[in-house]
A.B. asks: 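Mind looking over this structure? Questions follow.
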Amino acid sequence: MGQEQGKEQGEELERETTVVFADILGGADLIAKAGDSAAVAALAGCIEQIRRAAEGCGARVINRAADKLMVLAATPDAAADAAAAMHTAMDTASQLGETKLALGVGFHHGPVIQKANEVWGDTVNLAARLVEQAASGQIITTRETASHLSPLYRAWMRKLYSIDIKGRSGQVALCELVWRADDNATLFAAKRTGRAPATVLTLVYRDKTIVRRRDRDSVTVGRDPNCGIQIADEQASRVHCTIEHRQDKWFLIDHSTNGTYVSVDGSEEVLVQREEFTLTGRGRIACGQPSVSTTEIVSFTVE
């Protein structure tokens with residue numbers, strides 16, 4: 001990834017991310033029963049609701065069509081959060097007549113090629129095939145991606161069958177992420193809400209320590225003197241990233257040319273570029289280059 005530091009915006013960038021596809025199921029039946037105009041309006045309303053749900057989890061919507069979304073999430077965990085949130089939003093969306101629209105979601109983590117808002121590569125193609133396998137209410141991923149999920153999510157994985165993918169020599173093994181126990185309980189939300197006090201963010205850079213805890217609190221990081229943390233690194237942009245508190249989570253939002261490198265203790269370093277990343281536990285933030293290449297490191301703790 002270090003080779004990408006000098007690339008300007010608009011050039012191709014190779015990176016790793018999690019590609020999520022969400023397809024609304026039942027659109028053809030709705031058009032047949034309700035007519036084009038009413039069906040298109042209903043589909044547009046559903047797409048808008050699941051878009052907001054995905055972005056509320058820190059994911060980035062790359063492409064949208066009448067009945068589907070393509071979303072990028074920094075990690076498989078973030079993709080799982082976004083997928084469950086989109087399903088929940090779909091369950092509460094307004095329905096038209098007796099034809100009930102539903103959602104299928106598929107995601108895969110791996111390398112992609114990105115230029116501005118265009119993303120392509122084998123990971124994108126595989127994620128698109130996964131959503132084709134998803135029935136109403138399902139979240140489908142590969143066993144390879146499932147192995148990168150945290151224990152919270154791996155506990156709810158169910159092994160499925162394997163499929164042939166054009167261009168791959170062997171079959172791809174699939175898993176289903178069982179995102180809720182019944183019609184009323186989202187598994188992940190049940191484990192994450194209602195029992196803990198508001199999370200506190202602590203940032204340490206050189207001799208400066210910043211503590212934030214209020215909802216909608218934020219800190220900017222960059223070379224500009226007006227930033228909350230001014231970074232003495234030429235690879236950093238003037239306003240490199242923002243860290244903000246929403247829905248009791250701390251999100252790092254990258255604004256930079258070279259990207260932000262984030263490592264959470266116990267996990268590999270992740271390149272976050274023009275997207276959001278959820279900060280958890282303890283870790284380090286490097287602006288514009290990997291942490292092994294710089295001493296200008298911001299340490300973070302979320303408690």
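All residue numbers refer to positions in the sequence shown, counting from 1. Since this is a predicted model, take the numbers as computed values, not measurements.
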A.B. asks: Looking at Leu174, Val124, Ile165, which hits side-chain contact (heavy atoms from CB on, under 4.5 Å) with Arg129?
C.D. replies: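 Exactly one pass, corresponding to Ile165.
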A.B. asks: Which is it for Glu269 and Ser291 under the side-chain hydrogen bond (donor to acceptor under 3.5 Å, both in side chains) test, yes or no, and what are the steps along the way?
C.D. replies: CA-CA 8 Å; Glu269 191 167 64; Ser291 59; 2.8 Å; yes
A.B. asks: Side chains of Asp254 and Gln273: any donor to acceptor distance under 3.5 Å?
C.D. replies: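 Distance-only check fails for Gln273 and Asp254.
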A.B. asks: Answer yes or no: is there a side-chain heavy-atom contact under 4.5 Å between Lys208 and Gln230?
C.D. replies: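 Counting from C-beta outward, Lys208 and Gln230 never come under 4.5 Å.
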A.B. asks: If Ile, Leu, Val, Met, Phe, Trp and Tyr residues are connected whenever their side-chain heavy atoms lie under 4.5 Å apart, and connections chain through other members, are Leu203 and Val200 in the same group?
C.D. replies: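 As far as the 4.5 Å side-chain criterion goes, Val200 and Leu203 are not connected within one cluster.
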A.B. asks: Taking salt bridge (Lys or Arg N to Asp or Glu O under 4.0 Å) as the test, write out the residues that go with Arg206, two or more places apart.
C.D. replies: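 Here the qualifying residues are Glu296.
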A.B. asks: Show the nearest heavy-atom pair for residues Val270 and Ala74, with the distance to one decimal.
C.D. replies: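 Residues Val270 and Ala74, closest heavy atoms: CG1-O, 4.1 Å.
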A.B. asks: How long is the span from the NE2 atom in His108 to the OG1 atom in Thr17, to the nearest 0.5 Å?
C.D. replies: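 Here the rounded value is 11.5 Å.
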A.B. asks: With a 3.5 Å cut-off and no angle check, do the side chains of Gln133 and Tyr161 form a donor-acceptor pair?
C.D. replies: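 Yes - a donor-acceptor pair under 3.5 Å links their side chains.
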A.B. asks: Check the side chains of Thr278 and Trp250 for a donor-acceptor pair under 3.5 angstrom, ignoring hydrogens and angles.
C.D. replies: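 No, because no side-chain N or O of Trp250 sits under 3.5 Å from a partner of the opposite role on Thr278.
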A.B. asks: Rounded to the nearest 0.5 Å, what separates atom OH in Tyr205 from atom CD1 in Ile229?
C.D. replies: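 It is 9.0 Å, given to the nearest 0.5 Å.
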A.B. asks: Strictly by salt bridge (Lys or Arg N to Asp or Glu O under 4.0 Å), give each pair with a member in residues 228-243 just once, sequence neighbours left out.
C.D. replies: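 Applying salt bridge (Lys or Arg N to Asp or Glu O under 4.0 Å) to every pair that reaches into residues 228-243, excluding sequence neighbours, yields Asp224-Arg238.
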A.B. asks: Check whether Thr123 reaches the backbone of His109 with its side chain - one donor and one acceptor, N or O, closer than 3.5 Å.
C.D. replies: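 No; zero donor-acceptor contacts below 3.5 Å.
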A.B. asks: Listed by chain and number, what are the side chain to side chain donor-acceptor pair (under 3.5 Å) partners of Ser147, not counting sequence neighbours?
C.D. replies: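 So Ser147 forms no side chain to side chain donor-acceptor pair (under 3.5 Å) with any residue.
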A.B. asks: Output the distance between atom CG (Leu149) and atom CG (Asp77), rounded to the nearest 0.5 Å.
C.D. replies: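 Between Leu149 CG and Asp77 CG, I get 5.5 Å after rounding to 0.5 Å.
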A.B. asks: Roughly how far, to the nearest 0.5 Å, is CD1 of Ile139 from OH of Tyr153?
C.D. replies: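 Taking OH in Tyr153 and CD1 in Ile139, the distance rounds to 10.0 Å.
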A.B. asks: Shortest non-hydrogen contact from Ala82 to Ala59?
C.D. replies: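 Reported closest heavy-atom pair: CB-CB, 4.1 Å.
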A.B. asks: So, applying side-chain contact (heavy atoms from CB on, under 4.5 Å) with Cys241, which one of Val272, Ile231, Val262, Val221 is it?
C.D. replies: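 One option only clears the test, and that one is Val221.
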A.B. asks: Does Thr141 use its side chain to pair, donor to acceptor, with the backbone of Phe107 at less than 3.5 Å?
C.D. replies: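 Yes; judged by distance alone, with no hydrogens or angles, the pair exists.
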A.B. asks: How about Val71 and Arg60: do any of their side-chain heavy atoms sit closer than 4.5 Å?
C.D. replies: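 No, every pair of side-chain atoms sits at 4.5 Å or beyond.
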A.B. asks: Looking at Gln114 and Glu14, would you say the former's side chain and the latter's main chain have a donor-acceptor pair under 3.5 Å?
C.D. replies: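 Flag not set: sc Gln114 to bb Glu14 has no pair under 3.5 Å.
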A.B. asks: Among all residues two or more places apart in sequence or in another chain, which pass the side chain to side chain donor-acceptor pair (under 3.5 Å) test with Asp67?
C.D. replies: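 Counting only residues at least two positions away or on another chain, Asp67 forms no side chain to side chain donor-acceptor pair (under 3.5 Å).
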A.B. asks: Could you grab the distance from atom CG of Leu201 to atom NZ of Lys249, nearest 0.5 Å is fine?
C.D. replies: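 So the gap between those two atoms works out to 15.5 Å.
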A.B. asks: Closest approach of Gln289 and Ala286, non-hydrogen atoms and distance?
C.D. replies: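 It is O-CB, 3.2 Å.
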A.B. asks: Got a sec: does the CZ of Arg223 have more than 12 other heavy atoms crowding it under 6.0 Å?
C.D. replies: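 More than 12 heavy atoms, drawn from other residues, nucleotides or ligands, come within 6.0 Å of this atom.
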A.B. asks: Between the side chains of His255 and Ser237, does any donor sit under 3.5 Å from an acceptor?
C.D. replies: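 Ser237 and His255 do not have a side-chain donor-acceptor pair below 3.5 Å.
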A.B. asks: What salt bridge (Lys or Arg N to Asp or Glu O under 4.0 Å) pairs are there with at least one residue in residues 135-155, not counting sequence neighbours?
C.D. replies: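 For residues 135-155: none.
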A.B. asks: List the atom pairs, with distances to 0.1 Å, where a side-chain N or O of residues 20-27 and a protein N or O form a donor-acceptor pair under 3.5 Å, not counting sequence neighbours.
C.D. replies:
none

A.B. asks: Answer whether the closest heavy-atom distance between the side chains of Leu69 and Arg51 falls below 4.5 Å.
C.D. replies: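 Leu69 vs Arg51: side chains touch.
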A.B. asks: Between the main-chain N or O of Gln235 and the side-chain N or O of Asn258, is there a donor-acceptor pair closer than 3.5 Å?
C.D. replies: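 Here the side-chain-to-backbone pair exists.
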A.B. asks: For the residue pair Gly58 and Glu276, what are the closest heavy atoms and their distance?
C.D. replies: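 Taking Gly58 first and Glu276 second, the nearest heavy atoms are CA-OE1, 2.9 Å.
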A.B. asks: Going by atom types only, do Glu176 and Gln138 share a side-chain donor-acceptor pair under 3.5 Å?
C.D. replies: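 The criterion, which ignores hydrogens and geometry beyond distance, is satisfied for Gln138 and Glu176.
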A.B. asks: Taking all non-hydrogen atoms of both residues, which atom of Ser218 and which atom of Arg212 are closest, and how far apart?
C.D. replies: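 Smallest interatomic distance, heavy atoms only, reads O-NE, 3.9 Å.
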A.B. asks: Can you tell me how far OG1 of Thr242 sits from CZ of Phe251, rounded to the nearest 0.5 angstrom?
C.D. replies: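 Between Phe251 CZ and Thr242 OG1, I get 13.5 Å after rounding to 0.5 Å.
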A.B. asks: With a 4.5 Å limit on heavy-atom distance, are the side chains of Cys46 and Met90 in contact?
C.D. replies: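 The answer is yes, as the side chains (C-beta and beyond) meet within the 4.5 Å cut-off.
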A.B. asks: Measuring only between side-chain heavy atoms, which start at C-beta, is Phe277 closer than 4.5 Å to Val264?
C.D. replies: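 Yes, close enough: below the 4.5 Å cut-off.
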